[in-house]
Protein chains: 2
Amino acid sequence: MKQATIYSIAQALEVSASTVSRAFSRPDLVKPEVRERVLATARELGYAPNRAARGLATGRTGLYGLLVPDVTNPFFPPLIRAIQQAAARVDAGVLLVDSEGSGAAETALVSRIKAQVDGLLVASPRLATAKLKEALGAVPSVIINRAAQGLATVVCDNTAALREAATHLHDLGHRRFALMRGPSASWAAGRRAHAIRSWAQEAGVSLAELGHYEAVFVDGRRAAAQIVESGATAVFAFDDLMAAGVIAGLSDLGETVPRDRSIIGCDDVLLARTMTPGLTTVTAPLEELGRQSVLALHGLLEQRPVPNVQLQGTLTVRGTTGPPP
Amino acid sequence: MKQATIYSIAQALEVSASTVSRAFSRPDLVKPEVRERVLATARELGYAPNRAARGLATGRTGLYGLLVPDVTNPFFPPLIRAIQQAAARVDAGVLLVDSEGSGAAETALVSRIKAQVDGLLVASPRLATAKLKEALGAVPSVIINRAAQGLATVVCDNTAALREAATHLHDLGHRRFALMRGPSASWAAGRRAHAIRSWAQEAGVSLAELGHYEAVFVDGRRAAAQIVESGATAVFAFDDLMAAGVIAGLSDLGETVPRDRSIIGCDDVLLARTMTPGLTTVTAPLEELGRQSVLALHGLLEQRPVPNVQLQGTLTVRGTTGPPP
DNA sequence: ATGAAAGCGCTAACAG
DNA sequence: CTGTTAGCGCTTTCAT
């Protein structure tokens, strides 16, 4: 059966194609009774509007591009899911692209897809803000999890939760802290480091700063030796993945967590919940991040002014204990 | 600046629009010299072909729909990444949709997107084959990780690797085995169960069959008690996520893995590599699965006959030890 | 509230 | 090898 068009429906009902079109895109402009009949026969004929045709006529594709640096980093899947859901709610599809962690690739990918989407959601971009802006050009975009002057952003602030975590460890008796810094180009890494550094200063406790490391498991594992060397009993890993790496690395060296040291992760990805024992970490509101990003992009597309949004991470305590005697 | 079209280029070069069009879509049909000039001014004018227009004219969208039951299940991200890469190589984008594990949603989503894609990649569908086929209708589709009579499929067979794992445990001295069955509707679960069951029969060892369970962490955790009860020292979890759950559950009961029991996972998702100690599991060739699926779909779209492909999982030994004395 | 008609930007015969 | 001519299916003035 040939795919139905507005014309087949129009013909069947002896109305004009415009009426059928309006029944779908501007229902209020068509007499309720007629509208009903149109919708009914549309259903019968299995009609679905042709997106390409609509796109050609309106200049809208109904697609949001989503650019992530690494789908396999457990931080992203929940975000992707939330975005996909929220997008569906405004009748948009999600075109997913993975930049494989390369800033250069980001530029290429952005220019490659910006022609086929209505707007772009760029998660944790590696690119410097200036280059990013240049690549984005005039495509409506929202930047997720990164500050970017002059661009719409949706970020998560973990400062309060990290300070709370630090206090928690301090209360348990820890006095020697270490901070494993994330990638030097990462905005989030900078923020997190700053939060912990300033807490340590205020609290007057010693803080060994290690890294920068890449935010991957093996880097955490390799870093274990430096942690032991630092003498810290309480460790802030850049994220959960690194925390898992540290735990593995410490185990390689014969230590057990949290018996010998306490590790704090960040993001509360699946990993953190499925480890045994569980990982104390800062839970990122990924659902909300996704939802807000889509809302922002949608607003942008409707020419509405969109405020930058800042969400808060929250502390989730799981395995932490006091330092060994 | 208004977006350039083939006409702006044609005008600037005093050639016809068709020539410009051909320079892009059928370069071989245009005199090299002219082609060069077209491409050059296209670049100058920042021209990018309008996908919607092309789509309207050709009936092709350049999009592959990818339907997964749960993006946040760590099995899928590596698959998604591989698919996205492979699709990019044939100049197709990936429209990602998550069915949230619901078979009913699958039907709805399929009909929702089948109009806007050239073909569909359906991963681990929950829907019965008949319903699936009905929902898919005439859209070229390939089914990933599931057998489906009359549909193109790309699957991973773990039989050999699971038998090898079983032998490995047997060699270590284990004599009492348990099998945690996955979802009863899952094709993969059935296959895995069959593989282990028949091995146990041949080897003449006792096998306690537990479940069916949902393939999630908490179900594994809850199942720990039944494992203890079964007396098995060697346990096949349906997948890595369940394995992690079992380990957590056993820990709740005061046991340690692998000291007290050995657990085998399946799939070798990130989780399995980042656990301490590591998880012995069957590694799924996710990259290849993705690549082959895209190749198959691409073939289908070119009217080529595509064979069903079957890949092999491989055993990866990490933490397993013999049974406690 | 509805219809007629003119495109949106591109591709695909068909001629030359 | 290149130009001409029709559309692809939908939206959108402009009339009625």
Side-chain angles (χ1 to χ4, degrees), chain A residues 1-39 41-42 45-63 91-93 114-118 301-302, chain B residues 1-39 41-42 45-63 91 93 113-118 301-302:
Chain A
M1 172 190 69
K2 224 173 157 326
Q3 178 55 40
T5 71
I6 48 171
Y7 291 103
S8 24
I9 309 190
Q11 205 164 12
L13 261 57
E14 308 202 291
V15 297
S16 81
S18 328
T19 303
V20 178
S21 169
R22 284 193 274 255
F24 285 97
S25 31
R26 324 279 310 271
D28 47 306
L29 293 187
V30 86
K31 199 198 311 187
E33 184 207 316
V34 181
R35 191 198 313 151
E36 286 314 317
R37 288 173 51 217
V38 171
L39 265 33
T41 60
L45 272 51
Y47 167 79
N50 178 323
R51 294 291 198 134
R54 176 177 292 183
L56 186 53
T58 59
R60 288 275 180 101
T61 62
L63 253 35
D91 204 38
K114 71 180 170 187
Q116 42 185 324
V117 299
D118 292 339
L301 292 171
E302 311 256 86
Chain B
M1 172 191 68
K2 221 170 160 325
Q3 178 55 42
T5 72
I6 48 171
Y7 291 104
S8 24
I9 308 190
Q11 206 165 9
L13 262 55
E14 310 203 290
V15 297
S16 83
S18 328
T19 302
V20 178
S21 168
R22 284 193 275 255
F24 285 96
S25 32
R26 323 277 310 270
D28 46 306
L29 293 187
V30 157
K31 199 199 308 186
E33 186 207 313
V34 181
R35 190 199 313 150
E36 286 314 317
R37 289 172 51 216
V38 171
L39 264 34
T41 60
L45 273 52
Y47 167 79
N50 178 322
R51 294 291 199 135
R54 176 178 291 183
L56 186 52
T58 59
R60 289 277 180 101
T61 62
L63 254 35
D91 203 38
I113 61 168
K114 70 179 170 188
Q116 42 186 325
V117 299
D118 293 339
L301 292 171
E302 312 256 84

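In the text below, chain A, chain B and the rest are named by the order of the sequence lines, each starting its count at 1.
Minimum atom distance to the side chain of B:Ala53 is reached by C:dC10, of the listed C:dC10, D:dT12, C:dT11. With C:dC10, C:dC8, C:dT2 as the choices, the nucleotide that has an atom nearest any side-chain atom of A:Leu56 turns out to be C:dC8. In the set D:dG9, D:dG3, C:dG3, C:dG3 carries the atom at the smallest distance from any side-chain atom of A:Val15.
Atom CG of A:Asn50 sits about 9.5 Å away from atom CG of A:Leu56, to the nearest 0.5 Å. One finds the NZ atom of A:Lys31 at 13.5 Å from the CZ atom of A:Arg22 (value rounded to the nearest 0.5 Å). Going from atom OH of A:Tyr47 over to atom OG1 of A:Thr41 covers 11.0 Å, rounded to the nearest 0.5 Å.
Between A:Ile9 atom CD1 and C:dG3 atom C1' the separation is 17 Å, expressed in whole Å. In this entry the distance linking CD of B:Glu36 with P of D:dC1 reads 14 Å, nearest Å. Note: CG (B:Asn50) to C1' (C:dT11) measures 13 Å, nearest angstrom. What separates CD of A:Gln11 from P of D:dC10 is a distance of 14 Å, to the nearest Å. Rounded to an integer number of Å, the gap from A:Tyr7 OH to C:dA4 P is 11 Å. When the C1' atom of D:dT11 is taken as reference, atom CD1 of A:Ile6 falls 8 Å away, rounded to whole Å. The interatomic distance linking A:Glu14 (CD) with C:dG3 (P) rounds to 10 Å, in whole Å. Rounded to an integer number of Å, the gap from CG of B:Leu13 to P of D:dG3 is 10 Å.
Remark: A:Val38 engages A:Ile9, A:Leu13, A:Val20, A:Ala23, A:Phe24, A:Val34 in a side-chain contact (heavy atoms from CB on, under 4.5 Å) (not counting sequence neighbours).
At C:dG3, one or more side-chain N or O atoms of A:Ser16 fall inside 4.0 Å of OP1 or OP2 (strictly under the cut-off). Side-chain nitrogen and oxygen atoms of A:Tyr47 include at least one within less than 4.0 Å of the OP1 or OP2 phosphate oxygen of D:dC10. Residue B:Thr19 places at least one side-chain N or O under 4.0 Å from the OP1 or OP2 atom of D:dG3.
Residues B:Arg60 and B:Leu301 share a closest heavy-atom pair of NH2-O, 2.9 Å.
For the salt bridge (Lys or Arg N to Asp or Glu O under 4.0 Å) condition, the pairs that include at least one residue of residues 45-55 of chain A, sequence neighbours left out, are A:Arg51-A:Asp91.
The residue B:Ser18 sits close to a base: some heavy atom pair falls under 4.0 Å.
Within residues 20-32 of chain A, the residues approaching DNA chain C are A:Arg22, A:Leu29, A:Val30, A:Lys31, by heavy-atom distance under 4.0 Å.
Two residues, B:Val34 and A:Thr5, neighbour DNA chain D, and the one matched to the more 5' nucleotide by heavy-atom proximity is B:Val34.
Side-chain contact annotation: A:Ser16 with A:Thr19, donor-acceptor N/O pair under 3.5 Å present.
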